[in-house]
Amino acid sequence: MDNILEKANLTHNLTKKELVEILSNSDFDKDLFFVANNIRKKFLGDEVHLRGLIEFSNICKCSCKYCGLRKENSALERYRLTEEEIIDFAKKASQYGYKTVVLQSGEDASFSIEKMCRIIKEIKNFDLAITLSIGEKTYEEYKAYKEAGADRYLIRIETTDKELYKQMHPNMSFENRIQCLRDLKELGYEVGSGCLVGLPNQTTESLANDILFFKEIDADMIGIGPFIPNPNTPLSKENGGKFKLALKVMALTRILMPTINIPATTAMETLNPNGRIIALQSGANVVMPNVTEGDYRRKYEIYPGKICINDKPSQCRNCIEAKIKSIGRTISKDYGFHKKICNKKDR
Ligand code: 5AD
Ligand code: FES
């Protein structure tokens, strides 16, 4: 095995130079995935945590260049679920055996603090952990959601390359994104972040910085996915990210952060029909099946080729359970909070 990987396996630390070397060289890919999988097994065992994803609004005030929900995309049929629908989907998710629901949407200003808090409180009655993924909000909003019962928050940094961040996110501020991550930590959320792999002009050096950033902010969850060009965005003609590179960024993140929760992302499965299982065998320990019903799934088109758009929540639940069991893994029955290990050396 490569020296760098041997060191990483023991210390869970790598320099930027070492990360770049592994990312840009394919000779040790097999070893990389093997080490990441072993670390996952050693620290977290064989349990896979399922999170039921509710995509409750595709209305967005942002203009992220890569995203199909961007406000300029007039080809997208917009929708917004009612409070009752959201609560109903969460109730059904708990009946399918999920212990967490993820409430995700575009940056839709019509969900006021009061409305979100009502939804969160209602869903808490179903014995579910709640993850929010609804974008940049003020400290006061995050505080109100936390007090209403939200447990976790996902907000990807997308890229730590400030120049690239600026190019990709018109009218947004990198500094504010960082502030959101800080506020969420301070308020006691489990904080999830992550990045896109394969953005135009993104370098391996910048991906190495992303990985180091995840460690620096002491993230509880990290989601990594390849960038998939959407025909209705300004990046339609770009090449997009490679499955293998996204998997490598994910595996390195696992090696550096042995106890965090890492999802096998839907975008990975979009590029490779077995992508989530491969990810679960390369460091991931979480899957986020869709529990949105009806035609909404198709309309939540962040990128083309999204999996499961014609499936029902029960089909996804059964499908993923069978896949997970087929590789000798089990489905967790607990909430799947970040199991921090006190020995700081091991984190
Ligand atoms: N390809 C892959 N992932 C995307 N996301 C947004 N647009 C794309 C795309 N074209 C990801 C972002 C966002 C998450 C919800 O979806 O990383 O944080
Ligand atoms: Fe949706 Fe397999 S997870 S059909």
Side-chain angles (χ1 to χ4, degrees), residues 51 53-73 75-76 102-108 131-137 152-161 164-165 167-170 172 174 176-178 180-181 184 191-200 202 206-207 210 213-214 219 221-243 245-247 249-250 253 262-272 275-276 279 286 288-290 292 296-297 299-309:
R51 324 289 198 199
L53 177 66
I54 303 175
E55 298 161 332
F56 68 89
S57 164
N58 69 356
I59 296 170
C60 193
K61 63 175 164 52
C62 298
S63 307
C64 307
K65 292 261 176 70
Y66 46 78
C67 184
L69 307 192
R70 67 200 307 271
K71 70 166 185 267
E72 292 80 3
N73 181 9
L76 189 69
V102 181
L103 304 183
Q104 190 176 82
S105 70
E107 295 220 11
D108 182 348
T131 306
L132 299 177
S133 177
I134 57 179
E136 294 182 20
K137 307 282 173 190
R152 314 187 184 114
Y153 206 102
L154 301 178
I155 183 160
R156 289 185 179 173
I157 191 70
E158 315 293 2
T159 175
T160 56
D161 177 332
L164 181 57
Y165 188 92
Q167 284 169 27
M168 292 293 114
H169 306 98
M172 285 171 76
F174 182 77
N176 191 58
R177 197 95 176 159
I178 303 272
C180 288
L181 286 162
L184 291 162
V191 176
S193 196
C195 65
L196 283 166
V197 175
L199 288 170
Q202 191 180 36
S206 133
L207 290 169
D210 293 353
F213 172 81
F214 302 151
M221 317 172 260
I222 289 296
I224 287 152
F227 155 57
I228 303 170
N230 184 318
N232 297 314
T233 63
L235 303 185
S236 59
K237 303 235 151 50
E238 298 293 337
N239 284 326
K242 296 268 178 299
F243 173 74
L245 186 58
L247 197 68
V249 174
M250 188 204 79
T253 303
I262 298 185
T265 57
T266 308
M268 286 203 187
E269 186 111 341
T270 301
L271 292 193
N272 182 317
R276 288 176 301 177
V286 170
M288 296 165 64
N290 204 320
T292 321
Y296 301 125
R297 287 181 180 219
K299 294 183 185 163
Y300 201 83
E301 193 180 18
I302 294 181
Y303 50 79
K306 203 178 114 183
I307 58 164
C308 305
I309 53 169

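First listed ligand is number 1; within each ligand, the first listed atom is number 1. Because the structure is predicted, anything quoted here is derived from the model rather than measured.
Atoms of ligand 1 found under 4.0 Å from any heavy atom of Cys67, numbered from 1 in the order shown, are 7 (N).
Below 3.5 Å of separation, one finds no N or O of Phe227 facing any N or O of ligand 1. For ligand 1, the polar-atom distance check finds an N/O of Tyr66 within less than 3.5 Å of one of the ligand's N/O atoms.
When atom types are taken as modelled, the side chain of Arg152 and the backbone of Gly192 share no donor-acceptor pair closer than 3.5 angstrom. No side-chain donor-acceptor contact under 3.5 Å links Asp210 to the backbone of Cys195. In this structure a side-chain-to-backbone donor-acceptor pair under 3.5 Å is missing from Ser206 to Gln202.
Side-chain contact between Cys67 and Ile302 is present, with at least one heavy-atom pair separated by less than 4.5 Å. Side-chain contact between Leu181 and Phe213 is present, with at least one heavy-atom pair separated by less than 4.5 Å. The shortest distance between side-chain heavy atoms of Asp108 and Asn58 does not fall below 4.5 Å.
The closest protein non-hydrogen atom to atom 17 (O) of ligand 1 is Glu158 OE1, 2.6 Å. If you check which protein heavy atom lies closest to atom 1 (N) of ligand 1, you get Ile228 N, 2.9 Å. If you check which protein heavy atom lies closest to atom 8 (C) of ligand 1, you get Ile302 CG2, 3.4 Å. Of the protein's non-hydrogen atoms, Pro226 O, 3.2 Å is the one closest to atom 2 (C) of ligand 1.
When heavy-atom distances to ligand 1 are checked against a 4.0 Å cut-off, Leu196 comes that close only through its side chain, counted from C-beta outward. Contacts of Ser133 with ligand 1, taken as heavy-atom pairs under 4.0 Å, are absent altogether.
When the heavy-atom distances from atom 11 (C) of ligand 1 to Met268, Lys65, Arg156 are ranked, the shortest goes to Arg156.
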Step by step, would you call Glu55 with Arg297 a salt bridge (charged side-chain N to carboxylate O under 4.0 Å, His left out)? CA-CA 7 Å; Glu55 298 161 332; Arg297 287 181 180 219; over 6 Å; no
